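Only this structure's heavy atoms are used, side chains among them; waters, hydrogens and symmetry mates stay out. This structure is a prediction, so every number in the text was calculated from the model and none was measured.
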Amino acid sequence: MSVIRKRVFAATLRHNVFQFTKRSFSSLNLPGQVLVEKDNVNQTHGIHFEFTFNPVEWARDQINQDFHNLAMDFNAHTSLVRVPDVDPKYKIAVLASKQEHCLVDLLHSWQDGKLPVDISCVISNHDRHPNTHVIRFLQRNAIPYYYLPTTKENKREEEILELVSNTDFLVLARYMQILSGKFLKCYRNDIINIHHGLLPSFKGGNPSKQAFDAGVKLIGATSHFVTEELDSGPIIEQMVERVSHRDTLQSFVQKSENLEKQCLSRAIKSYCELRVLTYEGKKTVLF
């Protein structure tokens with residue numbers, strides 16, 4: 001038996017939607033055993049279900065149709081269904097710059113089967129020597145690496161769009177280039193970024209140094225969706241760790257990088273499991 005993950009997000013405050021989110025999913029009498037049912041009825045009217053998949057009782061194609069009809073009945077503007085052991089994995093592309101800690105961690109998590117994705121390619125504005133760990137890893141696993149040097153005048157966005165045209169979403173693993181609004185509109189799918197700081201504090205360049213100079217006692221990492229406004233997209237995940245006056249800038253940065261790796265991996269996993277809902281433009285619900 002596979003586990004089906006289902007997400008429904010209702011757009012408007014209608015009485016029947018409010019009542020629906022307060023009733024048990026099992027009362028709908030749909031095939032399958034409900035494993036998890038979570039909702040938030042106060043603001044978002046979002047629902048997340050997990051239940052066992054029995055293809056004999058409920059054909060995969062029929063599931064999509066049934067939930068589409070259900071979404072129409074309750075005026076939901078988003079309705080997604082995933083059967084992890086049946087449906088294809090999400091296809092992603094990873095964009096990275098010189099720093100490798102997030103990229104390397106992501107690649108090894110993918111290799112170990114910890115992330116339910118297929119990596120179609122890695123794109124970078126940093127040239128890596130053929131004998132580096134990253135390049136050797138990519139070659140062993142037949143993952144293309146594209147080096148696209150950028151300038152202030154040319155961010156190579158048209159070429160990037162062509163390379164990622166068949167992906168489900170993008171991951172920015174410390175990609176130190178700002179994607180334009182035109183790029184976001186052309187790509188249209190979600191883009192997940194990792195920021196080495198607790199947003200909304202310490203935006204922009206070198207936030208670890210900013211936080212160190214400010215003498216903070218808690219450091220963090222933030223994974224968020226990319227929007228046209230720099231480092232201001234809906235937050236998916238945040239993680240924190242305590243620091244003190246005993247930390248040097250080096251130990252400070254090391255702790256920050258460890259948080260970034262964990263935070264990005266957790267955000268990707270939650271996204272693939274349909275646990276993330278955006279609402280009101282800048283907010284999310286994480287089931």
Side-chain angles (χ1 to χ4, degrees), residues 1-41 43-93 110 113-120 164-171 184-192 225 234 236 267-280 283-287:
M1 296 284 184
S2 299
V3 174
I4 301 176
R5 292 190 171 92
K6 176 73 186 84
R7 184 175 72 185
V8 178
F9 184 44
T12 59
L13 181 57
R14 288 175 48 190
H15 181 71
N16 59 346
V17 175
F18 184 79
Q19 292 298 321
F20 169 64
T21 55
K22 286 192 170 237
R23 67 189 279 198
S24 170
F25 181 64
S26 59
S27 67
L28 297 174
N29 295 320
L30 294 173
Q33 177 186 358
V34 178
L35 303 180
V36 177
E37 176 183 352
K38 298 180 180 180
D39 59 61
N40 183 321
V41 300
Q43 295 179 328
T44 67
H45 309 286
I47 309 168
H48 174 91
F49 310 115
E50 292 184 16
F51 50 95
T52 55
F53 170 56
N54 187 336
V56 176
E57 295 183 3
W58 202 3
R60 180 64 185 87
D61 293 340
Q62 188 61 42
I63 293 174
N64 284 340
Q65 186 59 52
D66 288 344
F67 276 107
H68 173 75
N69 296 337
L70 185 64
M72 296 293 290
D73 289 342
F74 293 102
N75 198 31
H77 66 66
T78 301
S79 178
L80 299 173
V81 182
R82 294 286 295 177
V83 184
D85 295 334
V86 177
D87 295 342
K89 293 181 179 179
Y90 284 109
K91 183 179 289 186
I92 70 170
W110 165 80
K114 296 178 181 178
L115 295 177
V117 298
D118 283 328
I119 301 175
S120 63
V164 304
S165 60
N166 63 339
T167 57
D168 296 303
F169 66 95
L170 301 182
V171 175
L184 300 181
K185 291 174 183 175
C186 291
Y187 180 63
R188 301 182 66 180
N189 295 338
D190 289 323
I191 304 174
I192 296 176
F225 290 113
I236 305 171
I268 294 171
K269 190 171 187 295
S270 295
Y271 181 86
C272 292
E273 293 177 350
L274 307 184
R275 299 183 185 278
V276 184
L277 290 175
T278 59
Y279 70 102
E280 295 182 5
K283 298 180 181 180
T284 60
V285 174
L286 188 63
F287 293 102

So, for [X] and [Y], which heavy atoms are closest and what is the spacing to 0.1 Å?
X	Y	answer
T167	S120	CG2-OG, 3.5 Å
V81	I63	CG1-CG2, 3.6 Å
L115	I268	CD2-CG2, 4.2 Å

With rounding to the nearest 0.5 Å, note down the distance linking [atom1] in [X] to [atom2] in [Y].
X	Y	atom1	atom2	result
R82	C272	CZ	SG	7.5 Å
R275	K269	CZ	NZ	6.5 Å
F225	I191	CZ	CD1	11.0 Å
H68	D73	NE2	CG	9.5 Å
T284	L277	OG1	CG	8.5 Å
D190	T278	CG	OG1	7.5 Å

With sequence neighbours left out, write down each residue that passes side chain to side chain contact (heavy atoms under 4.5 Å, CB included) with N189, or none if nothing qualifies.
-> Y187
Using side chain to side chain donor-acceptor pair (under 3.5 Å) as the criterion, list what pairs up with [X], not counting sequence neighbours.
X	value
D61	none
D118	none
D168	none

Passes side-chain contact (heavy atoms from CB on, under 4.5 Å), E273 versus F287? Steps please.
-> CA-CA 10 Å; E273 293 177 350; F287 293 102; over 6 Å; no
Using the side-chain contact (heavy atoms from CB on, under 4.5 Å) rule, take L170 and I192 through it: C-alpha gap first, then chi angles, then the decisive distance, then the call.
-> CA-CA 6 Å; L170 301 182; I192 296 176; over 6 Å; no
Whether Y90 and Y271 hold their rings parallel, tilted or perpendicular, with breakpoints at 30° and 60° | tilted
Sidechain-backbone polar pair: W110 side chain, V117 backbone, donor-acceptor under 3.5 Å |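 Answer holds: yes.
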